[in-house]
Amino acid sequence: MRLIVTEKDNAARRIAEILSDDSASGERRNGVNVYKWGGQRVVGLSGHVVGVDFPPEYAEWRDVEPAELIDADVVTTPTRENIVATLRSLARKADEVVIATDYDREGELIGKEAYELIREETDAPVERVRFSSITEREVQKAFENPDEIDFDLAAAGEARQIVDLIWGAALTRFLSLSAKQLGNDFISVGRVQSPTLKLIVDREREIEAFDPDDYWEILADLAKDGQGFEAQYFYDDDGSEAERVWDEAAAEAAYADLSESGTATVTEVRRRTRTDDPPAPFNTTAFISAASSLGYSAQRAMSLAEELYTDGYLTYPRTDNTVYPDDLDPEELLGAFEGSYEFGDDAASLLDQDEIEPTRGETESTDHPPIHPTGELPDRDEVGADAWEIYELVVRRFFATVAEPATWAHLRVVAEAAGRSLKANGKRLLEEGYHAVYPYSSAGETFVPEVSEGDKLSIDAVELEAKQTQPPRRYGQSRLIQHMEEMGIGTKATRHNIVEKLYDRGYVEDDPPRPTKLAEAVVSAAEEYADHVVSEEMTAQLEADMTAIAEGEATLEEVTAESREMLGEIFEELRESRTEIGEFLQESLKADRTLGPCPECGEDLLVRRSRQGSYFVGCDGFPECRFTLPLPSTGEPQVTDETCEDHDLRHVKMLAGRDTFVHGCPRCKAEAADESEDEVIGHCPECGDSAAPEGQRNEGGEAAEGEGGKLAIKHLRSGSRLVGCTRYPDCDYSLPLPRRGEIVVTDERCEDHDLPHIEIHDGDDDDPWELGCPICNYEEFQARNAVENLEDLDGVGPATAEKLQDAGVADPEDLHEVDPDAVAGEVQGVSADRIREWQDELAA
DNA sequence: GCAAGGTC
């Protein structure tokens with residue numbers, strides 16, 4: 001039997017299809033897909049199935065000096081046991097093995113890891129094939145010319161693993177132990193995350209140190225024959241054109257001159273035609289950046305693209321490549337969109353072009369093509385709105401890369417008035433080119449009328465604007481990822497996760513990411529004692545070392561020994577400053593939790609956590625001062641940089657995924673609740689007059705008048721509002737009300753529940769939210785939630801969600817109890833296997 | 001409970 005090993009299941013399936021001429025069948029072993037035909041088996045790994053770590057005796061942080069990790073053994077152990085077991089059992093029956101992992105450094109290492117596992121089971125020959133994309137031609141050619149594993153290249157990857165582990169673990173443990181931050185709140189450091197964090201912190205330092213300068217700009221409304229346009233004052237500043245006037249008196253003088261002249265004379269007209277080339281094919285970074293201008297975070301964009309990839313609609317989304325492979329036939333791919341409702345017209349117009357020549361970016365790599373549609377079209381309702389928007393972006397990007405350039409007519413006009421110069425730059429689209437199929441990049445025109453030198457223009461208005469220079473802007477997530485790519489840190493598959501990691505570690509908050517005090521302290525400490533780990537040089541040096549290993553000019557042992565020595569020197573310095581560093585980190589951690597002064601004792605109010613795990617605001621003066629304020633029960637509190645003017649306390653935001661909200665000043669919230677009175681709106685349906693519990697009922701089956709609970713609108717000190725029973729805590733019946741907006745009880749009544757309708761007036765808008773009867777509203781809310789929960793399932797859109805509900809699955813929870821075959825029979829487009837996958841996922 | 005790199 002011949003065993004073929006790929007890096008992932010998707011690749012295994014496609015290679016089996018190609019090599020078997022579509023006759024392969026799949027089976028599941030240990031939860032791993034194995035494709036078979038004749039004497040052949042193909043199995044896909046899941047990237048690395050083994051990982052490096054220290055031996056177990058180093059596991060307990062408190063029992064090990066971090067510096068001991070520097071010379072500790074590094075061992076490789078299976079991390080994906082089921083895949084390893086399947087690989088082993090397949091290997092035992094193989095008399096020939098082919099490694100077909102991705103064609104890049106990490107792929108070589110993953111292949112070598114598989115090789116080592118296989119060698120423990122068999123002496124069968126092991127070959128290596130390399131192909132630059134999984135297409136019939138490439139794959140056939142690769143299998144006809146098999147090669148050998150490049151152990152040097154794999155060793156380069158191993159060296160990286162070892163260096164990253166030792167530096168990351170030793171420094172992470174050192175900082176965490178010195179600040180006594182163990183458990184979930186450890187303080188991490190790493191070759192990629194720390195330089196990325198420094199980038200953010202450095203930018204924040206620039207912002208904080210920024211000292212704005214005043215300047216003035218003068219704008220004028222000009223017109224020729226009634227056609228108005230805007231022009232800007234400029235002057236000659238040592239040979240270059242300047243618009244900003246730094247001196248107020250000079251600005252006012254120019255403004256006065258221009259205001260007093262009724263006309264200006266055209267002194268210069270310059271026309272130029274510019275081509276605006278279509279963009280290059282999408283690599284991961286460019287894709288994330290385009291998705292970010294549609295409002296998607298890096299993480300969200302990637303997870304949608306991964307879903308579309310797994311479902312077969314897009315190619316692999318993790319790629320650096322910006323050049324389509326030779327075997328991509330643009331005409332054929334455009335043809336796949338011809339009949340489509342959304343894309344048909346655009347595809348047809350592109351096919352009408354005289355020539356189709358895709359654009360090329362700068363990087364051509366061997367593992368995966370640029371991200372493009374496969375030609376298989378998803379059902380718009382089925383994939384959901386977000387996935388569709390991402391899909392359309394990728395389709396249109398592909399369209400743009402095969403479209404014609406756009407051309408623009410540029411018109412620059414300079415006019416003089418009272419010795420002062422005004423300029424206007426016009427821009428008109430001559431040939432729409434790729435903009436016709438790619439609406440995401442700006443194609444805005446600026447109107448300037450046709451004028452000739454010597455023409456008189458009227459000056460209709462002049463405006464003097466006082467401005468200030470602005471600090472640099474924070475990096476957005478996608479800008480950060482671009483920066484990482486430029487610095488050569490991280491990879492296509494990890495950069496967006498690194499940004500996410502900075503959020504998880506409490507190093508950055510909000511979007512665009514803003515560093516916490518902890519982040520500033522970690523970066524400062526690293527800069528002082530371990531500068532190497534926060535610099536991009538560490539990666540640059542590692543890359544050079546890896547190249548040397550791959551080319552046989554150095555060995556893994558030499559490179560890791562040198563790296564260990566360097567880290568050892570760093571620890572010599574660190575040892576002496578341990579307490580100092582620990583205190584510094586602890587202070588910064590406290591600063592991130594500090595709201596402001598306690599109204600009772602003047603010490604700091606801090607976000608704290610009770611023994612039960614709930615958050616509240618407490619005083620740093622505890623136990624002498626017992627002042628507290630409650631916080632909402634949902635989400636993780638985050639102290640924002642906004643401050644309440646009344647109480648000098650920073651506002652709190654509650655992070656809870658989609659349900660994240662700004663709580664505001666906790667003292668304002670508590671005081672507002674103290675001042676409000678409960679407003680009774682009806683009887684409690686659980687214990688009210690018409691539904692009293694057994695013991696309290698009178699002969700008529702009702703509670704005695706006045707004894708039953710009433711429903712009232714209540715304001716809690718934590719900021720929540722609800723319709724709840726007046727007999728609380730004896731009766732805990734309650735219905736949620738929105739956190740924001742003024743609650744207004746109307747005269748309209750719900751006949752079913754005998755309750756008034758409620759409206760929410762938010763801000764000054766005169767179009768209130770008609771919430772209606774609170775009971776009806778809550779029931780609808782629950783039903784809506786159920787549909788949304790269903791849509792969270794992989795491959796379920798609004799249409800399928802509805803069908804699932806019709807089939808008795810109102811909520812994902814119901815899936816536990818259903819018979820997959822029965823439901824699959826009732827719901828078109830959902831297989832029993834899919835349902836089993838959902839069940840497995842929910843169980844996990 | 002550490003990193004970064006694969007992958008889901």
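Residue numbers begin at 1 in each chain, while the letters A, B, ... track the order of the sequences.
- The 5' end of DNA chain B is approached more closely, in terms of each residue's nearest nucleotide, by A:Leu165 than by the other of A:Lys492 and A:Leu165.
- For A:Trp61, the side-chain atoms get nearest to B:dG1 when compared with the rest of B:dG1, B:dT7, B:dA3.
- Residue contacts for A:Gly44: at a heavy-atom cut-off of 4.0 Å it reaches no nucleic acid atom on any strand shown.
- Here A:Gln181 pairs with nothing under the side chain to side chain donor-acceptor pair (under 3.5 Å) rule; sequence neighbours left out.
- As rounded to whole Å, 15 Å separates atom P of B:dA3 from atom CG of A:Leu567.
- Between B:dA4 and A:Lys501, a contact under 4.0 Å exists linking OP1 or OP2 to a side-chain N or O.
- Judged by closest nucleotide on DNA chain B, A:Arg160 is the one of A:Asn10 and A:Arg160 placed further toward the 5' end.
- OP1 or OP2 of B:dT7 sits under 4.0 Å from a side-chain N or O of A:Tyr316.
- Between A:Gln161 and the phosphate of B:dA3, there is no side-chain N or O to OP1/OP2 separation shorter than 4.0 Å.
- If you take CG of A:Asp63 and P of B:dC2, they are 17 Å apart, rounded to a whole angstrom.
- For the salt bridge (charged side-chain N to carboxylate O under 4.0 Å, His left out) criterion with A:Asp102, the lone passing option out of A:Arg128, A:Arg318, A:Lys492, A:Lys8 is A:Lys8.
- Distance CG (A:Asn82) to C1' (B:dT7): 13 Å, rounded to an integer number of Å.
- Here A:Thr491 does not reach the OP1 or OP2 of B:dA4: none of its side-chain N or O atoms lies under 4.0 Å away.
- Under 4.0 angstrom from either OP1 or OP2 of B:dG5 there lies at least one side-chain N or O belonging to A:Thr494.
- A donor-acceptor pair under 3.5 Å is absent between the side-chain atoms of A:Arg578 and the main chain of A:Ser178, judged by distance alone.
- In this entry the distance linking OH of A:Tyr103 with P of B:dG6 reads 17 Å, nearest Å.
- Panel note: side chain A:Ser365, backbone A:Asp320; no donor-acceptor pair is recorded below 3.5 Å.
- Here the side chain of A:Ala169 is nearest to one of B:dC2, B:dT7, B:dG5, namely B:dC2.
- A straight line from CG of A:Asp9 to C1' of B:dT7 spans 11 Å, rounded to a whole angstrom.
- At a threshold of 4.5 Å between non-hydrogen side-chain atoms, the residues A:Arg191 and A:Thr539 count as touching.
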* Can A:Thr491 and A:Thr494 be said to form a side-chain hydrogen bond (donor to acceptor under 3.5 Å, both in side chains), step by step? -> CA-CA 5 Å; A:Thr491 71; A:Thr494 58; 3.1 Å; yes
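- Between B:dC2, B:dG1, B:dA4, one nucleotide has an atom nearer to the side chain of A:Ser188 than all others, and that is B:dC2.
- The interatomic distance linking A:His48 (NE2) with B:dG6 (P) rounds to 7 Å, in whole Å.
- Among the protein residues, A:Ala59 comes within range of the nucleic acid bases, having at least one heavy atom under 4.0 Å from a base atom.
- For an aromatic pair to be called close, the ring centres must be under 6.0 Å apart, and A:Phe282 with A:His372 fails this.
- For the OP1/OP2 pair of B:dG5 and a distance below 4.0 Å, the side-chain nitrogens and oxygens of A:Arg105 include no atom meeting the criterion.
- Considering only side-chain atoms of A:Val52, the nucleotide from B:dG1, B:dA3, B:dG6 that sits closest is B:dA3.
- Note on A:Arg173: a base of the nucleic acid sits closer than 4.0 angstrom, heavy atoms only.
- Within 4.0 Å (heavy atoms only), A:Trp167 reaches no atom of the nucleic acid at all.
- For B:dC2, neither phosphate oxygen OP1 nor OP2 lies less than 4.0 angstrom from any side-chain nitrogen or oxygen of A:Arg62.
- At a threshold of 4.0 angstrom between heavy atoms, the contacts of A:Glu158 with the nucleic acid are absent.
- Rounded to whole Å, the distance from CE on A:Met546 to P on B:dG5 is 9 Å.
- A:Val189 comes within 4.0 angstrom of the backbone, heavy atoms only, and of no base.
- Counting to the nearest Å, the C1' atom of B:dG6 and the OH atom of A:Tyr309 are 12 Å from each other.
- An OP1 or OP2 oxygen of B:dT7 is reached within less than 4.0 angstrom by a side-chain nitrogen or oxygen of A:Arg318.
- Heavy atoms of A:Thr172 sit under 4.0 angstrom from primed sugar atoms or phosphate atoms, though from no base atom.
- Using a 4.0 Å heavy-atom cutoff across all strands shown, A:Asp102 reaches sugar-phosphate atoms only and no base atom.
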